[in-house]
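Comments concern the structure below.
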Amino acid sequence: MKRIRMAMSFAGVFAVIVVSTPMMAQSQLMPSESEVGDVAADLMPELTVVADHGGEPARPYFVAIGMAGVPESEGYVSEPQEPLSISELDMLPVVSETLTPGRAEARSLELPAGTTPFFLVGDDDLSLKWLEQRGDILRSMYAVGLVVNVQGAEGMERLRNAAPGLELRPVAGDDLAGRVGLSHYPVLITATRIEQ
């Protein structure tokens, strides 16, 4: 009986040791929050300069890497820049290599529902006449005009005079022409149809 009690007593002590040891070990292994940064920096090797040819030091950029051992206070701070100002004149001339004035066959099209109607024109006689004839329809649809061939500001002005109240933007149209299978303009493109 004594042996059984001693075995149970020993087993109880062993259980207490086994159960409490992980908690004690865990609390001793867990660093405080203030030590985490120091531990990470201590584990990382020091940065070594392989070559220095002058210029701007790269050290400030290492702050973003984290654990590079570079304090936030030494990090890179970009200088505020003036916003880039681009005018319509900067986009001219616009030349679309695959689009020319000419006859386009009407056909069905499947674009996402809610696509804003838009039209393609250029600075040419056919486009100017088309805009004068279709202007009311285009305005009623709130269609946006993409000018795919125009040499300069004078050409844009001619188009705007032929289409008062319509928004016209100079845009190269080769990519669009390839996607919808066009080679001629002027055309109106809606979510469901291409027509001249």
Checklist entry - With ILVMFWY side chains joined below 4.5 Å, transitively, what does Met156's cluster contain besides itself? => result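 ILVMFWY cluster around Met156 also holds Leu89, Leu92, Val94, Phe119, Val121, Leu128, Trp130, Leu131, Ile137, Leu138, Met141, Val147, Val150, Leu159, Leu166, Leu168, Leu188.
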
[Y] and [X], any side-chain heavy atoms less than 4.5 Å apart:
X: Tyr185; Y: Ser127; answer: yes
X: Asn149; Y: Asp124; answer: no
X: Arg158; Y: Asp123; answer: yes

Checklist entry - Are any of the side-chain nitrogens in Asp125 or Lys129 under 4.0 Å away from the carboxylate oxygens of its partner? => result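 Here Asp125 does not pair with Lys129 in a salt bridge, since their nearest N and O are not under 4.0 Å apart.
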
Next on the checklist: Looking at Glu167 and Arg160, is there a salt bridge between them, counting it only when a charged N and a carboxylate O are closer than 4.0 Å?
Outcome noted: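 Here Arg160 does not pair with Glu167 in a salt bridge, since their nearest N and O are not under 4.0 Å apart.
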
Checklist entry - Around atom CZ of Arg169, are there more than 12 heavy atoms of other residues, nucleotides or ligands at under 6.0 Å? => result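 No.
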
Main-chain N/O of [Y] paired with [X] side-chain donor or acceptor, under 3.5 Å:
X: Thr115; Y: Ala191; value: no
X: Thr190; Y: Arg193; value: yes
X: Gln196; Y: Pro186; value: yes
X: Asp174; Y: Glu97; value: yes

Pairs under 3.5 angstrom only: tabulate donor-acceptor contacts from the side chains of residues 101-109 to other protein residues two or more places apart or in another chain.
from   : atom 1 : to     : atom 2 : distance (Å)
Arg107 : NH1    : Val180 : O      : 3.3
Arg107 : NH2    : Val180 : O      : 2.3
Arg107 : NH2    : Gly181 : O      : 3.0

Next on the checklist: Just to verify, which of Leu182, Thr98, Val148, Leu146 counts as forming a side-chain contact (heavy atoms from CB on, under 4.5 Å) with Leu176?
Outcome noted: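 For Leu176, the side-chain contact (heavy atoms from CB on, under 4.5 Å) check succeeds only for Leu146.
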
Next on the checklist: One pair to check against side-chain contact (heavy atoms from CB on, under 4.5 Å): Glu195 and Arg134. What are the steps and the verdict?
Outcome noted: CA-CA 11 Å; Glu195 61 184 57; Arg134 306 275 308 228; 3.0 Å; yes

Next on the checklist: Evaluate His184 against Thr100 for side-chain contact (heavy atoms from CB on, under 4.5 Å), listing each step before the verdict.
Outcome noted: CA-CA 5 Å; His184 298 298; Thr100 57; 3.1 Å; yes

Checklist entry - Considering residues at least two apart in sequence or located in another chain, which fulfil the side chain to side chain contact (heavy atoms under 4.5 Å, CB included) criterion with Asp90? => result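 Asp90 satisfies side chain to side chain contact (heavy atoms under 4.5 Å, CB included) with Ile86, Ser87 only.
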
